[in-house]
Number of protein chains: 2
Amino acid sequence: MAGTKRLTQHDIAKLAGVSQATVSLVLNGAPTALARIPQETRERVQQVIRTTGYVADPIARRMAKGLNRILGVFTYEPAFPSEQADFFAPFLLGIEEEAQAQNYDLLLLTGAGVGRERKIFADGNRLRIADGCLVLGREFDRAELKRLVTGDYPFVAIGRREDAGGPVPYVGGDYANGTRALVEKARALGHDRLAFIGPSGSAESIVDRWRGFSGAITGSAELVLHVDEVGRSAVDTLDAIVRSGASAVFFVELADAVRVEAAARERGLSIPNDFSAVVLGSHVRAERSHVQFTSFNIPREEMGRQATAMLVRRIEDAAPVEQILLTCEPVEGQTLGPAKKRT
Amino acid sequence: MAGTKRLTQHDIAKLAGVSQATVSLVLNGAPTALARIPQETRERVQQVIRTTGYVADPIARRMAKGLNRILGVFTYEPAFPSEQADFFAPFLLGIEEEAQAQNYDLLLLTGAGVGRERKIFADGNRLRIADGCLVLGREFDRAELKRLVTGDYPFVAIGRREDAGGPVPYVGGDYANGTRALVEKARALGHDRLAFIGPSGSAESIVDRWRGFSGAITGSAELVLHVDEVGRSAVDTLDAIVRSGASAVFFVELADAVRVEAAARERGLSIPNDFSAVVLGSHVRAERSHVQFTSFNIPREEMGRQATAMLVRRIEDAAPVEQILLTCEPVEGQTLGPAKKRT
DNA sequence: CTTGACTGCTAATGCGTATTAGCAGCTAAT
DNA sequence: ATTAGCTGCTAATACGCATTAGCAGTCAAG
């Protein structure tokens with residue numbers, strides 16, 4: 001059984017007593033061409049195809065047509081390791097859904113070689129198998145991004161990206177406005193003394209949060225604490241928060257918020273009674289923590305879906321560069337309450 | 001920018017002042033052929049390739065060679081929805097690792113059309129783009145499996161599968177012996193009256209557990225309760241367990257074990273003091289529960305890795321059908337204790 | 001009876017690569 | 001001086017399909 005050669009249109013043609021071209025036309029000729037093949041001939045060919053179980057070789061088909069109906073998915077970090085899985089899975093879910101709806105398959109680009117940095121253009125990378133690709137990851141390589149932008153290979157980034165030798169097509173989350181809305185909510189509850197825990201630079205996603213935050217600090221509001229370092233212990237951070245007299249604390253990372261909350265509870269402080277806490281973004285495994293932090297939702301699945309749709313547009317219609325930011329709706333949570341009257 | 005034609009070996013050849021054939025040979029000629037191209041020429045060609053960023057079109061390559069270095073991954077359920085993600089992610093991690101090590105890329109086959117059942121042989125047979133494929137999912141379609149076995153397309157199943165018109169190549173977990181080992185451990189601790197909570201039929205994975213379980217019930221041991229229904233409430237199940245006088249309860253599903261444990265605790269019963277509990281298999285998010293159940297480990301990543309390696313063997317060396325069952329090591333846990341002396 | 005349009009097909013070509021056969025030019029051995 | 005063998009390449013072809021140009025035959029209109 002194994003070793004049987006694949007049937008070709010030639011074989012079918014011989015069996016049906018026609019030419020290979022006719023078989024191809026019967027299979028998927030334009031209506032105008034089909035009109036010129038009489039019913040009888042068509043049926044004869046179809047019959048042979050049915051009895052032999054012939055299926056056209058997709059490779060040859062792509063070869064002839066130039067398109068694959070394959071989308072590449074390039075991740076700057078391996079996609080499935082458990083720590084990363086939580087991050088990538090929702091995106092991939094959206095991507096898979098939309099790809100399926102548009103009848104595309106997905107090619108996961110595994111990067112080149114273990115240990116080496118994952119580079120889109122790394123040698124031997126078979127990026128070009130796909131008709132276009134989605135690029136995701138926390139940190140992008142600027143040089144590669146530039147090369148993509150400058151090149152003619154269709155791609156879409158997931159997450160906002162600064163221009164890199166030209167505008168980058170992307171679908172991202174509107175972290176700036178998501179953050180701003182939370183700050184305004186806090187201010188409406190009387191919070192004036194605000195703290196920001198987390199970095200404010202480097203990746204776009206971080207910059208956007210900081211922009212939204214600092215842009216919303218106006219009037220009587222005041223930034224009384226900004227802890228930038230990551231490695232700092234929760235107790236130290238808590239000390240700093242208490243010392244600063246902050247009434248609302250904004251965390252970039254859920255993990256930091258969780259640790260600080262635990263430290264606070266241990267010290268007999270309660271959130272949001274003693275101070276409020278807000279997390280700037282939703283996190284996949286948030287339910288693992290027992291506290292529901294006030295935050296904003298990151299529509300990861302929708303980002304995946306829309307990025308995929310955009311990529312297909314760029315591939316099929318050579319659509320111009322688009323940049324989409326999806327709204328990040330606030331999540332109520334239990335950690336933002338009215339500000340205490342200062343003593 | 002968009003619309004620039006892809007580079008071909010022809011273009012490279014013109015730029016380097018050689019023929020297309022030479023470019024191809026430089027790229028991947030046999031050593032004997034390469035020996036006849038002087039260093040100088042090779043470097044000139046390589047230089048052009050480097051500066052232009054040329055990458056061979058894999059489709060054309062496959063066309064000519066019949067190999068693409070692409071592995072298809074077919075899942076009978078969408079791979080990323082959150083409930084499934086926990087199930088598939090570890091397999092995919094292993095698959096991705098090994099594929100990367102073997103320098104293959106992964107093609108996720110999205111199945112045909114939303115809502116329709118996912119069928120390997122659905123229209124277009126896109127499957128054939130890959131050199132071979134891995135098939136995973138809880139439930140397989142027997143007819144499709146048979147068609148795969150009978151055909152000459154290389155594939156490997158993840159999880160043991162019964163013969164389907166011939167032996168199925170697979171890498172699975174040895175649930176039968178994993179289960180048997182746990183039963184024997186319980187018996188060594190004096191447990192004679194055993195309960196089995198969960199189905200015993202349908203999918204191979206279920207059958208294997210039941211086989212391992214019932215095969216280990218010998219001598220003085222006795223199956224005093226078998227709850228097959230899934231929908232049953234935890235309280236009902238707990239009642240049945242208590243009534244049966246079982247001293248050790250084996251659960252197919254972690255979820256059932258968790259619910260019964262909660263119900264027991266509420267009733268003032270404690271595990272493993274009042275009765276022991278064993279879960280037949282490891283679960284990804286087990287840490288979410290606060291109880292560490294005694295169970296066996298399912299080496300999901302390793303299964304993914306070995307299945308991938310096996311598939312590559314079948315593709316490249318036309319290796320014969322292999323069937324591998326990986327050992328499922330016991331997990332100590334805290335829910336299996338010595339049997340109480342019966343009153 | 002010529003022209004034109006239509007019918008039912010086929011030959012030929014291109015897609016981009018891998019691979020094989022072989023050609024010219026040279027050197028060393030007979 | 002002929003032959004054999006080596007070097008450094010290239011021309012040609014195959015892979016399986018889609019597609020276009022066009023051929024031979026028929027038929028109706030002018």
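Since the model is a prediction, treat every value here as computed from it, not as a measurement. Naming convention: chains lettered A, B, ... in sequence-line order (proteins, then strands); numbering from 1 in each chain.
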Sorted by chain and number, sequence neighbours left out, side chain to side chain donor-acceptor pair (under 3.5 Å) with A:Glu204 holds for A:Arg142, A:Arg161
Using a cutoff of under 3.5 Å, can you pull out all pairs of nitrogen or oxygen atoms linking the protein to nucleotides 13-15 of chain D, with atom names and distances?
| from | atom 1 | to | atom 2 | distance (Å) |
| --- | --- | --- | --- | --- |
| D:dC15 | O2 | B:Met63 | O | 3.4 |

Terminal axes of the helix from C:dC1-D:dG30 to C:dT30-D:dA1 (5 end pairs apiece), angle rounded to 10 degrees, sit apart by 70°
The side-chain contact (heavy atoms from CB on, under 4.5 Å) partners of B:Ile37 (sequence neighbours excluded) come to B:Thr22, B:Leu25, B:Val26, B:Thr41, B:Arg42
Residue set satisfying side chain to side chain donor-acceptor pair (under 3.5 Å) with A:Arg305, at least two apart, ordered chain then number -> A:Glu97, A:Glu301, A:Glu302
Residue set satisfying side chain to side chain donor-acceptor pair (under 3.5 Å) with B:Gln46, at least two apart, ordered chain then number -> none
Under a 4.0 Å heavy-atom cutoff, the residues of residues 29-40 of chain A touching DNA chain C are A:Arg36, A:Pro38
With sequence neighbours left out, the residues meeting side-chain contact (heavy atoms from CB on, under 4.5 Å) with B:Glu43 are B:Gln39
A:Thr8 meets the side chain to side chain donor-acceptor pair (under 3.5 Å) criterion, sequence neighbours left out, with A:Asp11
Salt bridge (charged side-chain N to carboxylate O under 4.0 Å, His left out) filter on A:Arg313, not counting sequence neighbours, yields A:Glu322
Please evaluate residues B:Glu316 and B:Arg314 with respect to the criterion salt bridge (charged side-chain N to carboxylate O under 4.0 Å, His left out), reporting the C-alpha separation (whole Å), side-chain torsions for both, the decisive distance (0.1 Å), and the verdict. CA-CA 6 Å; B:Glu316 297 184 353; B:Arg314 284 181 65 72; over 6 Å; no
Sorted by chain and residue number, the side-chain contact (heavy atoms from CB on, under 4.5 Å) partners of B:Lys146 (sequence neighbours excluded) come out as B:Thr150, B:Ala164
Quick note, B:Val18 side chain, CB onward, closest among D:dT10, C:dT17, C:dT10 is D:dT10
Residues at least two apart in sequence or cross-chain that pass side-chain contact (heavy atoms from CB on, under 4.5 Å) with A:Ala21, listed by chain then number, are A:Ser19
5'-most contact on DNA chain C (nearest-nucleotide basis), A:Leu25 vs B:Leu25, goes to A:Leu25
